[in-house]
Number of protein chains: 2
Amino acid sequence: MRNLQIKITIGPEHYIKNPEFTSLGKNIVSKSIEMIDELGFESFTFKKLGTVIGSNESSIYRYFESKHSLLVYLISWYWSWIEYKLVFSTMNVDDPKIRLSTCLSILTEDIHEDNSISFINEVLLHKIIIAESSKAYHTKDIDKENEKGYYKTYKRVVHRVGKIVLEINPEFEFPNMLVSTVIEGAHHQRYFSKHLPSLTDVEEGKNNIVRFYKDLVFKTIK
Amino acid sequence: MRNLQIKITIGPEHYIKNPEFTSLGKNIVSKSIEMIDELGFESFTFKKLGTVIGSNESSIYRYFESKHSLLVYLISWYWSWIEYKLVFSTMNVDDPKIRLSTCLSILTEDIHEDNSISFINEVLLHKIIIAESSKAYHTKDIDKENEKGYYKTYKRVVHRVGKIVLEINPEFEFPNMLVSTVIEGAHHQRYFSKHLPSLTDVEEGKNNIVRFYKDLVFKTIK
DNA sequence: TTTTTTTAATAGTATTACTTTCATTATATT
DNA sequence: AATATAATGAAAGTAATACTATTAAAAAAA
């Protein structure tokens, strides 16, 4: 896993101009991650970002058509990165149970190390996914955006892990529900553990979120 | 359950002036539900609401300090109403397994009948909870608001059902995680089934969401 | 070197989420 | 019925947001 130079490719539906190809573009993306984490998505603006990176609001709009689509870009990047991790860490594993267990770890564990795959800080991005990603799809435009393929990387991850569930138990009726419940649940639990801790049973250093969801999945599909 | 005249009381931390006590107040609340459902929370404004109810923006601000706190009020009302349903439908039931099963139905089922307990349309409110409630607590102000007690009705629901889980299996380590996973999960699945259906395994008229979560819970706590 | 592309600077727009002030209209009290 | 008090409405104002449009300067490509 460590220090591999891999390339995560984001489809052109997410930007006007690919930010990966210019230093301004990379700056926009990497600084926006820091700022969204720090200010929250609502208080983050392209104007503030422009000031911080020594550029102009109007230049940022040449890369992303709105601040909403920048958020969707980041989310898409995140799920592509997760998908890469899933593929990489299960490709030589035959036993589907071990493969599922590994996937569940990746989907539910905390990220506290920035592997610096690129100009993107994965630790902060993970925090953004937890705190802000639900805002991306809870929009009146969701159906239109879904048609444009905005959420396809996320769906791909769910389906991939759902298939492993079916390898273990082909009779199981709800593989996608189970996987999406685990993914969203784990993010919720991490958010709650910081802000509404009585809604969780998280204890410092005990990895309860991962343990809870692994146990839940294997019991449920049996 | 039917047609009972019960009273749901919302704490004063949620409003400047209690909307239940005036006809303008009741109008604000009931029309806001319709408009948030129709427009989405982002496009809903107090100005538009004022126009629709034949009143003025500034008058609405005398009831709620912001549109955000109106949303939190609605969410709090919803959870108080759910808590009432939980209490009412389990109070004469001894077997904790049956009690848990009943609670899980209430927490995961769809609401398609407006019992008109009051000026609040529960069908639309349920839709708002599914589509908008995550925006209420994904704020930078969450900790401050939590201290003020904004989320206590939600927490009470989770803890109440968590206790039933412990009655069935006192050794179970994660009752609150399990219950909050089910609650949030069921809402997610209902949203996904409408907008990103491939993330679910919902089939028309088969009640899969309720079945899935009940099965999951009973297997997990065994 | 010239052309083309990219970026910066500035200004502008409609809207939002409020706040303030003041007049009017109900309601309650005497 | 007269008066005091509280609730509402109308209007104007504010700072900020989420953009768009225009034009000029700088950088890169031909």
Side-chain angles (χ1 to χ4, degrees), chain A residues 12 14-32 35-36 38-74 119 132 135-136 138-141 144-145 150, chain B residues 12 14-32 35-36 38-74 119 132 135-136 138-141 144-145 150:
Chain A
H14 288 102
Y15 45 76
I16 296 170
K17 198 180 141 121
N18 196 331
E20 280 180 273
F21 294 161
T22 68
S23 67
L24 176 59
K26 283 186 256 187
N27 249 299
I28 289 171
V29 172
S30 74
K31 208 70 195 175
S32 73
M35 289 182 79
I36 292 171
E38 205 185 305
L39 305 173
F41 187 65
E42 281 69 35
S43 299
F44 164 79
T45 72
F46 279 3
K47 191 158 205 178
K48 289 176 189 169
L49 174 60
T51 306
V52 167
I53 63 177
S55 176
N56 195 272
E57 206 185 354
S58 60
S59 303
I60 299 165
Y61 277 102
R62 295 222 172 70
Y63 285 85
F64 294 100
E65 90 182 35
S66 64
K67 95 179 193 176
H68 175 256
S69 44
L70 169 57
L71 179 62
V72 176
Y73 174 94
L74 296 177
F119 51 101
E132 317 286 356
K135 294 167 192 169
H138 283 121
T139 316
K140 279 280 156 181
D141 294 326
K144 224 181 300 159
E145 296 189 346
Y150 276 32
Chain B
H14 289 100
Y15 46 75
I16 295 170
K17 198 180 141 122
N18 195 331
E20 279 181 274
F21 294 163
T22 66
S23 66
L24 175 60
K26 282 185 258 187
N27 249 298
I28 290 171
V29 173
S30 72
K31 208 71 196 174
S32 74
M35 290 183 78
I36 293 171
E38 206 185 303
L39 306 173
F41 188 65
E42 282 68 35
S43 299
F44 164 78
T45 72
F46 279 3
K47 192 159 204 174
K48 289 175 190 170
L49 175 59
T51 306
V52 168
I53 62 177
S55 177
N56 195 270
E57 209 185 352
S58 61
S59 303
I60 299 165
Y61 277 103
R62 293 210 178 81
Y63 285 84
F64 293 101
E65 90 181 38
S66 65
K67 94 179 193 173
H68 175 256
S69 43
L70 169 57
L71 180 62
V72 176
Y73 174 94
L74 296 177
F119 51 101
E132 316 286 358
K135 294 166 192 169
H138 284 120
T139 316
K140 279 279 157 183
D141 293 325
K144 224 182 299 160
E145 296 190 345
Y150 275 32

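Everything numeric in this text was worked out from a predicted model, so none of it was measured.
A search for side-chain hydrogen bond (donor to acceptor under 3.5 Å, both in side chains) contacts involving B:Ser43 returns nothing, not counting sequence neighbours. Here B:His68 pairs with nothing under the ring-ring contact (aromatic ring centres under 6.0 Å, His included) rule; sequence neighbours left out. Contacts of A:Lys135 classified as side-chain hydrogen bond (donor to acceptor under 3.5 Å, both in side chains), with partners at least two apart in sequence or in another chain: A:Glu42, A:Glu132.
Nearest heavy atoms, B:Ile16 versus B:Phe64: CD1-C, 4.0 Å.
Using a 4.0 Å heavy-atom criterion, one finds that B:Tyr63 contacts the sugar-phosphate atoms exclusively. Using a 4.0 Å heavy-atom criterion, one finds that A:Phe64 contacts no nucleic acid atom at all.
Close approach of DNA chain C to chain A, defined as any atom under 4.0 Å from a non-hydrogen atom of the protein, starts and stops at C:dT6 to C:dT10.
The shortest side-chain heavy-atom distance between A:Tyr63 and A:Val29 does not fall under the 4.5 Å cut-off. Looking at A:Lys67 and A:Phe41, their side chains come closer than 4.5 Å, going by heavy atoms from C-beta outward. Put simply, the side chain of B:Glu20 reaches to within 4.5 Å of the side chain of B:Phe119, judged on heavy atoms. The closest side-chain heavy-atom distance from B:Ser32 to B:Leu74 is below 4.5 Å.
Here D:dA18 presents its C1' atom at 14 Å from CG of A:Leu70, a figure rounded to the nearest Å. For A:Ile16 and D:dT20, the CD1 to C1' distance is 12 Å, given to the nearest whole Å. The distance between atom OH of B:Tyr61 and atom P of D:dG13, rounded to the nearest whole Å, is 18 Å.
At most 12 non-hydrogen atoms from other residues, nucleotides or ligands lie less than 6.0 angstrom from NZ of A:Lys31. With a 6.0 Å radius and a threshold of 12 heavy atoms from other residues, nucleotides or ligands, B:Lys47 has its NZ atom at or below the threshold.
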So which protein N/O to nucleotides 22-29 of chain D N/O distances come out below 3.5 Å?
none

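Sequence order on DNA chain C of the closest nucleotides to B:Lys67 and A:Leu24 puts A:Leu24 first from the 5' end.
Below 30°, between 30° and 60°, or above 60°: for B:His14 and B:Tyr150 the angle between ring planes is between 30° and 60°, a tilted geometry.
Listed by residue number, the members of residues 43-57 of chain A with any heavy atom below 4.0 angstrom from DNA chain C are A:Gly54, A:Ser55, A:Asn56.
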